[in-house]
Structures are given as structure tokens and as C-alpha cells.
Protein chains: 2
Amino acid sequence: MTPVWPDELFTDLDRTGPVPLYYQVSSRLEQAIRSGTIPTGSRLENEISIGERLGLSRPTVRRAIQELVDKGLLVRRRGIGTQVVQGQVSRPVELTSLYEDLKHGHHEPSTEVLSYEVIPAPEEVAEKLSVAVGSDVLRIRRLRGTDGVPVAILENYLPKEFTDIIEADLKSKGLYQLLRARGVTIRIANQSISARRATADEADLLGESRGGPLLTMERIAFDDSGRAIEYGHHCYRPELYRFETTLVAK
Amino acid sequence: MTPVWPDELFTDLDRTGPVPLYYQVSSRLEQAIRSGTIPTGSRLENEISIGERLGLSRPTVRRAIQELVDKGLLVRRRGIGTQVVQGQVSRPVELTSLYEDLKHGHHEPSTEVLSYEVIPAPEEVAEKLSVAVGSDVLRIRRLRGTDGVPVAILENYLPKEFTDIIEADLKSKGLYQLLRARGVTIRIANQSISARRATADEADLLGESRGGPLLTMERIAFDDSGRAIEYGHHCYRPELYRFETTLVAK
DNA sequence: ATTGTGATATTGTTAGGACATATTGGCTTG
DNA sequence: CAAGCCAATATGTCCTAACAATATCACAAT
């Protein structure tokens, strides 16, 4: 019943390096599933025997499998076993900037900085960033495109201590990448996705018809310590961009 | 430094019932955070002392906390501790139908069944549902509203064995609710969100201007065993609906 | 033919312990 | 006084062990 898996899945793990064992296991499994080595719909061996094969305890194997369950690749049922989900699984919306998103998709992202200025925080921005109204915030407005075609208008607000982000760097790097280089890691983001008509200004920038539909995304991002770091308001050309997610019922 | 928490957080847990201990703990903590009893930005006690207070082992406490980290309410850093995220956390997009979504938001959902028919599966639908092209599938088209105002047009396709879903029931219940009553649990869904212009037909149904923007969502849902159960294509009035998500970097 | 019962397989929950690693801050030393 | 080392603290990883809950199947009983 259980299909025979290739030996590569069970070669020795690296117990000396910094990569956790559960992560090594889940990575191998994910790769095997996405490549079709483990076919969709098939059943996995049970946790204990996988553990025996790899020389791991059950909790470690369990954690590896749980990672893939959370990603939506596997389904578990008590008393039954673990199965691979049928149908192609889309990679979820990740916590990356659009720039990295596009680059990952083997496109050549381009950026034009439309404006870059320090302004007193309007009420809406102040509230989202948890700073005082009127205090200095950095406002960045960019036009993002791929392969020469405009895709999105990005408007971002950051607290004043980030005003040393160099305008020139924004042309060749994503905002999150620049923040990471400064030692700031974005950990959590609250997103809200909707749509609206394009204004005349936006339509011209994006090469879209006036009053045409735009996909919009509003986001507040928090760092390691839970502090609000960035408030963004983006709009995308809907024919060229969409948000993909995998939802898993707990 | 550590704030004093109310005793309610540490009253005895129910060790007899079917509710897991880690779930009882994470529920209490979540409630305390959302209600402000544990203020945003504050630090939690460490895992071990929480465990001692509740009479629990460290793995159990750890799992409870991890649940809230995954939900985006808490942030953990090795060597530092666990902190509550600043800023209001939005509840994530859950794996529920729009009907339950709206009902939860204290609105009164209404449904008009526009069409209900068994048709041979077009290529696109057959592929998404992993059935043969031309095989029978159930097609449902509904107009969903709240408080008398139309909000969305829902088009769903299901495999033929669900043709016994009663058309009349769709008026008063959500599709997922009806599936659950049949013993089918939706476990995983792949969603894709974008936008487009409304067709004349759609604009009339939704009371929207012709050519106006619509928020669109495409979804394939899988059940417990990983089988494709439903393929849906929905469009929403963007002023009345939006998708909210919390993203957490792993 | 249907129902119940028990054996088996598998995941779910909880415990308790050990060691690793990252961060902070104080102490020591040059 | 500054730099570096070290202890304290907290989370991260991994192990062994046990029992609970659920689904399946064979088989007996009605």
C-alpha cells in the first residue's frame, strides 16, 4: 500500500550544523512532494516508522510533518494517517516586499522613486504607526514595474529614525531588504485587501484607463519587538498582479 | 517589571473534559490580550514559571504560547522573552464561507439563488476539481447580501455526488455549513484574490455602476482527505467587503 | 443481514528532562 | 576607562515515555 520512496529521503541528516533536524526533514519532504516524487493523494508512512528510519524521535518527526500540514501540503486524521493533498498547492503570500516577490518570479523588477520626503504625520498615519500626530515621518512613493511594464504604485510611511534610508538605494533594492540591512526584521504584518477605481493620476502612472479597477492593499508591519515599523498603501494593476493564499483550518 | 496578572488567568484548568490543556491556556491568554488585561507591548512571564503556576509542563505551556505567536499576537526572542505585539491585531481570514463571515459580523445575511443546475464540466472546472472533462458537476450561482444590500455574486462548482444539496437550503445556510452537515469538512483552500471590471450583468445584480471595480476571489477547497471538493469564483463590491490577513514570518 | 465487539493502527496530548544558543548586564582585566 | 569575559536568563531543539482518542477491519452474536 505504502509506496516505496527513494533512498535519498532517508540519507543521513546533518547533526552537527545549525539547521534543526525537523527542518531538514520537512524540507526533504516538501521537495519530494512538490517534485512529485511523493505523489499527490498518497499516504505517508506513520510517524514512528519514519522516525526509526531516520533515527529520530517521534516528536521531531511530528514537528516536521506539522510544518507541512500548516503549509497546506499534508492532511492528517487520527486513526487514519497522513496524506498528501491533491491538487497543486500554491505558495502562500509571504512576508516579503513586492520587489522580492517579483524577483522570485524570475522577472526583472524596476523602481522609480516618485517622491521621498519627511512630513508631519497626518492623523491616519500617526495612528497606524503609534506615533504622535504631526511628528516627523518618512513618506516614500514609488512606481514598481516588471520588464518595463508598470505594475504598482507603492506609498509607504516609516518613523523618523529611518530617514537615513538612502533614496538611491530604493531604486535597486526592496524596502524590506534595506530594513533588514539596518538590523530591523519585519515579523508580523496586518494586511487588508480590496479594490477601487483608479484616479486620473494613478491611471496615467500605471498606463491604465481612467476609472479602471485597481487592486489595493493596506499594510501595517511590525518588527521583532512588536513595534510598528511601516504603514503602506499600495495599488496594483489587477491584470498583472494577484494575492495567493493557502488557508488551513485549525 | 513583569506586570501583575489577575488570578483568573491562573485558576484551575479542566483536566477531565475533552478540551486540551494547551488550548485552554492559549484561549485564556488570547482573551486577556484582546481585552487589554495584558497590555500591548508588555512582557510575559517565562514559560517555566507560567507552567509552575498552572501545574503544567513546559511543552504544554510552550505550545499554548506558540499558538498565539502563529496568530500574530505574540513575539518571541531567544534570550529576551515573549512580548505582546503593539497595535491592534486583526482576525485573519478564516476558512469559512462568506455567509458565516457576515453572520459573525452581526449582520443579517441574505441569499438569492440565481441558478442551480447540473452541467458537464468545462475544461477549467474539470481541471480544478480533478474530474474528467464533461462529467457532471453541480453549478450554483448565488447573490449574497447583508441587511438587504447586495454584496457579492458567488459561483460555485461541486462534484456530482453533491447534487443532493437542496436548493432551498442554500437560502438560509452557507455552503460550507451544508457540506459539514453531510460529513464533509473543508480543511484546506487555495485562494487567489484580484480585481476586474464588472460586466453589465454583474453591475445590475450588485447595484454597481457598469464597468465599476469588483474585488474577485477564486478558490479551490479540499476536504479532510485532500480531495478537491469545491471550486468557486466570487466577486464582491469593494466598498462593502475586503480581505484581512495577518502574516507571520516563520 | 445487521449489529456489536474487540484487536490493531495511527495520530493527539501531556510529562519531564537535558543540552544548545542568544541576549543582557555586571565583573574583571588590561 | 574600555574591552573582553562570564554568569544569569530565556527561548530553541531534541529525547524518552506513557496514555488517550479515533478509524478500520475481522469476526462473532443477534
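These numbers come from the heavy atoms of this one structure, side chains and all, not from hydrogens, waters or symmetry mates. Proteins get letters first, then strands, A, B, ... in listed order; numbering begins at 1 in each. Keep in mind that what you see is a predicted model, and the values were worked out from it rather than measured.
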Verdict with reasoning, B:Arg77 to B:Gln83, per side chain to side chain contact (heavy atoms under 4.5 Å, CB included): CA-CA 9 Å; B:Arg77 278 185 295 172; B:Gln83 276 179 303; 3.5 Å; yes

Steps toward side chain to side chain contact (heavy atoms under 4.5 Å, CB included) verdict (B:Thr60, B:Val25): CA-CA 9 Å; B:Thr60 303; B:Val25 175; 5.6 Å; no

Worked verdict on A:Glu47 versus A:Arg76 for side chain to side chain contact (heavy atoms under 4.5 Å, CB included): CA-CA 11 Å; A:Glu47 297 170 344; A:Arg76 283 205 282 204; 2.8 Å; yes

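Considering all non-hydrogen atoms of both residues, B:Lys160 and B:Thr163 come closest at O-OG1, 2.8 Å. Of all non-hydrogen atoms in B:Ala228 and B:Lys128, the two that sit nearest each other are CB-O, 3.8 Å. Here the shortest heavy-atom pairing between A:Pro39 and A:Thr37 reads CD-O, 3.5 Å.
Regarding contacts with the backbone of C:dT13, a side-chain N or O of B:Tyr22 is found under 4.0 angstrom from either OP1 or OP2. For the OP1/OP2 pair of C:dT11 and a distance below 4.0 Å, the side-chain nitrogens and oxygens of A:Thr82 include at least one atom meeting the criterion. When the side-chain nitrogen and oxygen atoms of B:Arg15 are compared with OP1 and OP2 of C:dA15, one or more of them lie within a distance under 4.0 Å. Not one side-chain nitrogen or oxygen of B:Arg58 sits closer than 4.0 Å to the OP1 or OP2 atom of C:dG16.
Atom C1' of nucleotide D:dC15 and atom CG of A:Leu54 are separated by 15 Å, given to the nearest angstrom. Note: CD1 (B:Ile65) to P (D:dT11) measures 7 Å, nearest angstrom. Here C:dT23 presents its P atom at 9 Å from CZ of B:Arg77, a figure rounded to the nearest Å. Atom pair A:Asp14:CG and C:dA20:P shows a separation of 16 Å (rounding to whole Å applied). Following rounding to the nearest Å, A:Gln66 (CD) and C:dT13 (C1') show an atom-to-atom distance of 13 Å. In this structure, the CZ atom of A:Arg62 is 14 Å from the C1' atom of D:dC19, given to the nearest Å. Remark: P of C:dT23 and CD of B:Gln83 are 14 Å apart, rounded to the nearest angstrom. Distance CD (A:Glu47) to P (D:dA18): 18 Å, rounded to an integer number of Å.
Between A:Val61 and B:Pro18, the one whose closest nucleotide on DNA chain D sits nearer the 5' end is A:Val61. Comparing B:Leu56 and A:Arg78 along DNA chain C, the residue whose closest nucleotide (by nearest heavy atom) sits nearer the 5' end is A:Arg78. Where B:Pro59 and A:Thr16 each meet DNA chain C at their nearest nucleotide, the meeting point lying more 5' is that of B:Pro59.
With a 4.5 Å cut-off on side-chain heavy atoms, B:Ile65 and B:Tyr22 do not count as touching. Between B:Glu67 and A:Lys250, every side-chain heavy-atom pair lies at or beyond the 4.5 Å cut-off. In this structure the side chain of A:Tyr231 reaches within 4.5 angstrom of the side chain of A:Glu218, judged on heavy atoms.
A distance of 9.5 Å separates CD1 of A:Ile188 from CG of A:Asp224, quoted to the nearest 0.5 Å.
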Dot-bracket pairing map - DNA chain C, Watson-Crick plus G-U, both contacts under 3.5 Å, | cross-strand: ||||||||||||||||||||||||||||||

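Among the heavy atoms of the strands lying under 4.0 Å from B:Arg63 are primed sugar atoms or P, OP1, OP2 only; no base atom is included. A:Pro20 comes within contact range of the sugar-phosphate backbone alone, with a heavy-atom separation under 4.0 Å but no base atom that close. Within 4.0 Å (heavy atoms only), B:Thr60 reaches sugar-phosphate atoms of the nucleic acid but no base atom.
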Protein-to-nucleotide contact annotation, 5' to 3' order, nucleotides 3-9 of chain D [B base; S sugar-phosphate only; - none; under 4.0 Å, heavy atom]: ------B

